[in-house]
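Scroll down for the structure; my scribbles are underneath it.
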Amino acid sequence: MRRLLLAPHPDDAVWSCGGMLRQWCREGGLTVVTVFDGDGRGDGLDGRGDRGREGRKEDGAPALRRAEDGAPALRRAEDAAALARWPLRAVGLGLPEAALRRDGAGRSLYAGPLALRRAPHPADAALTVRLAGLLGPLVEDHDEVLLPLAVRTHADHLLVREAAELALGSRADGAPRPVRTRYYREFPYAPPPPTGGYRERAEPADFSDWLRGALMYESQVRGMFRDARPFARVLARRTGAPRRCTWTSWVRDAA
């Protein structure tokens, strides 16, 4: 089973799915694509390219405060170090995250943290289509695609989900791509489970492996949780550890 895990930002793959990464690598291979890991200079749409099996990146800052100078490079570096713990392929597309995107007059498309929690800005409609074009060839090479659930989380998460769903249904002959799709809940957000037409699946996960990888994002841990202990408590509470750590995903029922 060749899996493609789409992460909106550096840390999303490991924080949200870290307890499953080693198993997925053993089961046929895993590619992690980080979409918004750029620095805001240009649109990055040619991508940063393949980071190799050990994931070469560089980036850091809290979820809703990511526009500080130097943050993208720090976050990429943390992501590279964390992903190197697993024998996976890592790809970065180099797009600027929402907090760094501007309109033609240089104005921020997402003014303030609350704006990031809303739907993508209308000016990002073209970005969604172009991102779908970048994701299409990657989707073709995999048997399963893992997407962010993107319910009450972040504009970039919803943009990634929408672009991926567009790519999954955009084969030249009009037929849907024969790829299984699953949706994961993004940590540390606590979105409600999806309603109407979804099946939930809970699988045993390796909490120790998950926590070790997640704590390598030191800038995020400090910015959002102050230190490792409260972070570990929240992750344990969300996953059911230590009694029985599980990772939960959702699959859409066939129409």
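Position 1 is the first residue of the sequence; numbering continues from there.
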* **Main-chain N/O of Y189 paired to R238 side chain as donor or acceptor, under 3.5 Å** => yes
* Taking atom types as modelled and ignoring hydrogens, do the side chains of E162 and T128 form a donor-acceptor contact shorter than 3.5 angstrom? -> no
* Asked: Any donor-acceptor pair under 3.5 Å linking the side chain of W247 with the backbone of A202?
  -> no
* Pairing of R101 and D156 as salt bridge, 4.0 angstrom limit -> yes
* Which heavy-atom pair separates S16 from W210 by the least distance, and what is that distance? -> O-CZ2, 3.4 Å
* Asked: With no hydrogens and no angle check, is any side-chain donor or acceptor of R185 less than 3.5 Å from a backbone partner on L149?
  -> no
* **Approximate separation, where rounding is to 0.5 Å, of L135 CG and L147 CG** => 9.0 Å
* Whether D209 side chain and G19 backbone form a donor-acceptor pair below 3.5 Å -> no
* Using the six-membered ring wherever Trp is involved, compare the ring planes of F187 and W15 and label them parallel, tilted or perpendicular (cut-offs 30° and 60°). => perpendicular
* To do: Using modelled atom types only, decide if a donor and an acceptor are shared between the side chain of R252 and the backbone of Y198 within a distance under 3.5 Å.
  => no
* Structure fact -> Here the pair of heavy atoms bringing R161 nearest to P148 is CD-O, 3.7 Å
* Asked: Looking at CG of D12 and NE2 of H154, how far apart are the two atoms once the value is rounded to the nearest 0.5 Å?
  -> 8.5 Å
* **Partners meeting ring-ring contact (aromatic ring centres under 6.0 Å, His included) with Y184 (sequence neighbours left out)** => none
* Test log, rule salt bridge (Lys or Arg N to Asp or Glu O under 4.0 Å), inputs R182 and E203 -> CA-CA 13 Å; R182 282 202 282 170; E203 302 172 63; 2.6 Å; yes
* Asked: How many angstroms lie between atom OG1 of T246 and atom CZ of R201, to the nearest 0.5 angstrom?
  -> 12.5 Å
* To do: Could I get the full list of side chain to side chain donor-acceptor pair (under 3.5 Å) partners for E27, not counting sequence neighbours?
  => R3, Q23
* Asked: Is there a donor-acceptor pair closer than 3.5 Å between any side-chain N or O of D37 and the backbone N or O of G94?
  -> yes
* Asked: Going by distance alone, is a donor N or O of one side chain under 3.5 Å from an acceptor N or O of the other, for D124 and H121?
  -> no
* N/O donor-acceptor pair under 3.5 Å between E186 side chain and A150 backbone -> yes
* Report the C-alpha separation of V32 and D79 in whole Å, then their side-chain angles, then the decisive distance to 0.1 Å, and conclude whether the side chain to side chain contact (heavy atoms under 4.5 Å, CB included) test is met. => CA-CA 11 Å; V32 174; D79 206 25; 6.0 Å; no
